Amino acid sequence: MPCTPALAPGAPQGGAHRHLAGYLGQIKRVDEGVGRLRDALRSIGTQENTVLAWTADHGSHFRTRNSEYKRSAHEASVRVPLALTGPGFTGGGLVRQPVGTADLMPTLLAAAGLPVPDGVQGRSLLPLTGGGRDPGRPGSAFVQISEDRVGRAVRTSRWKYVVDAPGADAWNEPGADRYTETELYDLAADPYELDNLAGLESHREVADELREELLDWLERIEDAKPGIDRAAARPSGQRRAEPFPAGVPWEGVRFGHRPRP
């Protein structure tokens, strides 16, 4: 649940309302800077053979999730902008499946026609442009949280699964041998992550599948095989982990502005 004191009048450091204006101002300056850079590339005739990428290392939840600004696994913290223009990235487009900033390096190397060295983490995004597919790409993104807490998370197109290392020295310990489940969100039904499903008996199977997904990431990226303890069990009542359609079959659907056949 959100930290409601951070939204109240008189909140420490002015609260989220005060900081949001500055945050939006910074975004405006970045947008202006990217525009100036693209104008400069165009003026010297190199726009057509230059790949330009801009992203961020984290977002901000303005102290509405914990006692600081960014170190949580919520979307406001981990879902960052990533945009590319230039050869291979023209005509507009949106990649909807989860990707990560670790994909940026191999993407830029591939766009420049350079080989991606063995052992590089991440995969090039080039196969996904223009509606393409990459069958070998994981169906989730991996999240590491440090300094404020030692946490790990995995995000799929629908689910967010988060674990923490209780009692770990977050400033001096980059990882842990043991974690505990702390959060589980159904992003399709709860995009603002207000309803933590961790421990619910109805979602135990989902949590177990995501646990294995996270352990696979930890072994590949950190060469670690930690234990993950289950969250304390809670009764589900009438809740169920309902399936959601993978897509909507728009073909053949008549919209209001279209004439009847």
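Here the structure is a predicted model, which means the values were calculated and not measured. Heads up: numbering here begins at 1 and tracks the sequence.
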Whether [X] side chain and [Y] backbone form a donor-acceptor pair below 3.5 Å:
{"X": "R178", "Y": "I228", "result": "no"}
{"X": "S77", "Y": "R71", "result": "no"}
{"X": "K160", "Y": "A73", "result": "yes"}
{"X": "T129", "Y": "L126", "result": "yes"}
{"X": "Q47", "Y": "G86", "result": "no"}
{"X": "D190", "Y": "D195", "result": "yes"}
{"X": "D164", "Y": "P166", "result": "no"}
{"X": "S236", "Y": "R239", "result": "no"}

For K225, is there an ion pair with E219 - N to carboxylate O distance below 4.0 angstrom? yes

So, taking the atom named [atom1] in [X] and the one named [atom2] in [Y], what distance separates them when rounded to the nearest 0.5 Å?
{"X": "L187", "Y": "E75", "atom1": "CG", "atom2": "CD", "result": "5.0 Å"}
{"X": "Y185", "Y": "L194", "atom1": "OH", "atom2": "CG", "result": "8.0 Å"}
{"X": "L108", "Y": "S124", "atom1": "CG", "atom2": "OG", "result": "9.0 Å"}
{"X": "E147", "Y": "N172", "atom1": "CD", "atom2": "CG", "result": "10.5 Å"}
{"X": "L184", "Y": "R204", "atom1": "CG", "atom2": "CZ", "result": "8.5 Å"}
{"X": "T46", "Y": "L52", "atom1": "OG1", "atom2": "CG", "result": "10.5 Å"}

Among Ile, Leu, Val, Met, Phe, Trp and Tyr joined by side-chain contacts under 4.5 Å, find the other residues sharing a cluster with L114 and list them by chain and number. M105, L109, V116, V120

For Y192, what residues pass the ring-ring contact (aromatic ring centres under 6.0 Å, His included) criterion, not counting sequence neighbours? none

Closest heavy-atom contact between [X] and [Y]?
{"X": "S202", "Y": "A241", "result": "O-CB, 4.0 Å"}
{"X": "P226", "Y": "L215", "result": "O-CD2, 3.4 Å"}
{"X": "F89", "Y": "T107", "result": "CZ-CG2, 3.6 Å"}
{"X": "A170", "Y": "V150", "result": "CA-CG2, 3.7 Å"}

Are the side chains of [X] and [Y] in touch, meaning some heavy atoms are under 4.5 Å apart?
{"X": "S72", "Y": "R149", "value": "yes"}
{"X": "K28", "Y": "Y23", "value": "no"}
{"X": "V30", "Y": "I27", "value": "no"}

Check step by step if side chain to side chain contact (heavy atoms under 4.5 Å, CB included) holds for R152 and L218. CA-CA 9 Å; R152 301 292 186 265; L218 287 165; 3.9 Å; yes

Is it the case that more than 12 heavy atoms not belonging to [X] sit under 6.0 Å from its [atom1] atom?
{"X": "D208", "atom1": "CG", "answer": "yes"}
{"X": "E32", "atom1": "CD", "answer": "yes"}
{"X": "R79", "atom1": "CZ", "answer": "no"}

If hydrophobic clusters are built by linking Ile, Leu, Val, Met, Phe, Trp and Tyr wherever their side-chain heavy atoms come under 4.5 Å apart, do [X] and [Y] end up in the same one?
{"X": "I145", "Y": "V78", "value": "yes"}
{"X": "V162", "Y": "Y179", "value": "no"}
{"X": "V154", "Y": "L200", "value": "yes"}

Pairs where residues 109-120 contributes a residue and the test salt bridge (Lys or Arg N to Asp or Glu O under 4.0 Å) is met, not counting sequence neighbours: none

Got a sec, which pairs hit salt bridge (Lys or Arg N to Asp or Glu O under 4.0 Å) with one end in residues 42-62, sequence neighbours left out?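 Matches after skipping sequence neighbours: D39-R42.
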
Run the numbers on T156 and S140 for side chain to side chain donor-acceptor pair (under 3.5 Å), then give the verdict. CA-CA 4 Å; T156 71; S140 61; over 6 Å; no

Please determine whether side chain to side chain donor-acceptor pair (under 3.5 Å) holds for the pair E183 and Y161, giving the CA-CA distance in whole Å, both sets of side-chain angles, and the decisive distance to 0.1 Å. CA-CA 6 Å; E183 296 163 80; Y161 175 79; over 6 Å; no

Residue pairs passing the ring pair (Phe, Tyr, Trp, His ring centres under 6.0 Å) test with at least one member in residues 92-146, sequence neighbours excluded, are F142-W217

Audit row: L210, L214, side chain to side chain contact (heavy atoms under 4.5 Å, CB included) steps and yes/no: CA-CA 6 Å; L210 294 169; L214 179 56; over 6 Å; no

Would T90 and T85 count as a side chain to side chain contact (heavy atoms under 4.5 Å, CB included) if you check the C-alpha gap in whole Å, the side-chain angles of each, and the deciding distance to 0.1 Å? CA-CA 6 Å; T90 57; T85 62; over 6 Å; no

Can you list, pair by pair, the side-chain donor-acceptor contacts under 3.5 Å of residues 92-104, counting residues two or more places apart and other chains?
residue : atom : partner : partner atom : Å
D103    : OD1  : R123    : N            : 2.7
D103    : OD2  : G100    : N            : 2.9
D103    : OD2  : R137    : NH1          : 3.0

Show your reasoning for whether side chain to side chain contact (heavy atoms under 4.5 Å, CB included) applies to T180 and V163. CA-CA 5 Å; T180 299; V163 301; over 6 Å; no

